[in-house]
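Here's the structure, in structure tokens; my notes come after.
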Amino acid sequence: MAEQAAGPSGAPGIRALLRSPGYGRLLLVSALVGVPVSLAAFGFVGLEHELQHWVWKSAPEALGYGRAPWWWPLPALALAGLLLAPIVTRMPGRGGHTPVLGLGGPPTLPAEVPSVVLAALAALPLGVVLGPEAPLMALGSGLALLAVGRARPTTSPLLAPMLGAAGSTAAISTIFGSPLVAAVMMLEAASLGGAQLTLLLLPCLLASGWVRWCSPGSAIGRVCRSGR
């Protein structure tokens with residue numbers, strides 16, 4: 001795929017790839033995985049919000065405090081550290097990428113998703129000052145690769161990065177509420193340019209286009225909640 005994209009002027013290679021059956025299948029898969037990824041992302045965000053509400057409001061009230069006292073973050077952060085220690089030292093993926101390195105990097109593999117989700121649910125509700133963006137991107141990437149089975153980098157080196165980016169875009173769209181904003185963010189994180197950037201845009205938009213249909217207030221969201 002990469003060799004075809006690097007034509008003499010770039011444009012003929014891009015047109016050939018856009019019309020190829022392989023790229024068409026990639027677009028179809030990206031559109032299909034957008035639904036389960038979006039639903040999983042909404043579930044993750046909802047669970048994280050409920051845990052945060054319990055830690056900082058329900059638990060203090062249950063102990064007789066009108067609101068969380070000034071010292072409440074100290075045991076909360078200590079508990080976060082205790083929960084994170086076995087996750088980042090023993091589980092595959094070690095809880096996700098290092099936040100100081102920024103976004104981007106290789107796609108998160110399905111085997112690494114549990115450690116990322118557990119680390120986020122242990123850290124974010126207990127007061128660790130990080131956002132849900134990176135865990136959501138990792139969740140979407142891993143689920144997208146899981147949905148299509150094992151990626152085959154030997155036949156298409158760009159397959160796994162593109163599917164991972166499409167899944168990440170679908171997941172992070174749940175907090176932005178717009179596939180366009182999420183796609184722009186993912187394209188910046190991918191650090192690609194030229195033909196590869198053009199080829200990545202369509203899968204990301206197709207995968208994240210379901211965000212409004214899968215939101216809690218949508219028809220799909222209401223059906224999922226009624227079935228619980």
Side-chain angles (χ1 to χ4, degrees), residues 1 26 29-30 32-52 55 76-175 182 185-186 188-192 200 203-204 207-208 214:
M1 186 176 290
L26 172 65
V29 170
S30 299
L32 293 177
V33 302
V35 176
V37 168
S38 297
L39 292 174
F42 275 117
F44 170 82
V45 173
L47 178 58
E48 189 273 331
H49 176 75
E50 291 298 325
L51 290 174
Q52 187 177 37
V55 170
L77 290 173
L79 178 59
L82 292 174
L83 295 175
L84 285 173
I87 297 175
V88 301
T89 57
R90 300 182 181 181
M91 295 187 67
R94 298 182 178 273
H97 80 296
T98 304
V100 296
L101 299 179
L103 301 176
T108 301
L109 300 178
E112 301 171 346
V113 171
S115 71
V116 175
V117 173
L118 290 177
L121 293 178
L124 298 180
L126 290 170
V128 177
V129 187
L130 294 171
E133 292 86 357
L136 279 172
M137 292 169 63
L139 174 65
S141 173
L143 291 180
L145 294 179
L146 179 63
V148 298
R150 177 183 293 181
R152 295 176 294 176
T154 56
T155 59
S156 180
L158 294 180
L159 177 61
M162 283 189 172
L163 286 176
S168 296
T169 307
I172 204 170
S173 294
T174 58
I175 58 175
M185 181 177 178
M186 280 304 308
E188 293 179 353
S191 299
L192 297 176
L200 183 60
C204 289
S208 58
C214 298

Shortest non-hydrogen contact from [X] toward [Y]:
X: P125; Y: A120; answer: CD-O, 3.5 Å
X: V37; Y: A144; answer: CG2-N, 4.2 Å
X: L84; Y: A123; answer: CD1-CB, 3.9 Å
X: S30; Y: L163; answer: OG-CD2, 4.2 Å
X: L83; Y: A122; answer: CB-CB, 3.9 Å
X: S38; Y: A207; answer: OG-O, 4.4 Å

Please check this pair: side chain of [X] against backbone of [Y], looking for a donor-acceptor N/O pair closer than 3.5 Å.
X: S208; Y: A170; result: no
X: S115; Y: P92; result: yes
X: S141; Y: M137; result: no

How long is the span from the [atom1] atom in [X] to the [atom2] atom in [Y], to the nearest 0.5 Å?
X: L47; Y: F42; atom1: CG; atom2: CZ; value: 15.0 Å
X: L126; Y: L82; atom1: CG; atom2: CG; value: 10.5 Å
X: E50; Y: L121; atom1: CD; atom2: CG; value: 12.5 Å

Quick one: does [X]'s side chain get under 4.5 Å of [Y]'s, heavy atoms only?
X: P135; Y: V117; value: no
X: P86; Y: M91; value: no
X: M162; Y: L26; value: yes
X: L145; Y: P107; value: yes
X: V33; Y: L143; value: no

message: Quick one, V116 with L139, criterion side chain to side chain contact (heavy atoms under 4.5 Å, CB included). Give me CA distance, side-chain angles, the key distance, then yes/no.
response: CA-CA 7 Å; V116 175; L139 174 65; over 6 Å; no
message: Determine whether T174 and F44 satisfy the following criterion, side chain to side chain contact (heavy atoms under 4.5 Å, CB included), listing intermediate values before the conclusion.
response: CA-CA 10 Å; T174 58; F44 170 82; over 6 Å; no
query: Is there a side chain to side chain contact (heavy atoms under 4.5 Å, CB included) between I175 and V45 once you walk through the steps?
result: CA-CA 8 Å; I175 58 175; V45 173; 4.0 Å; yes
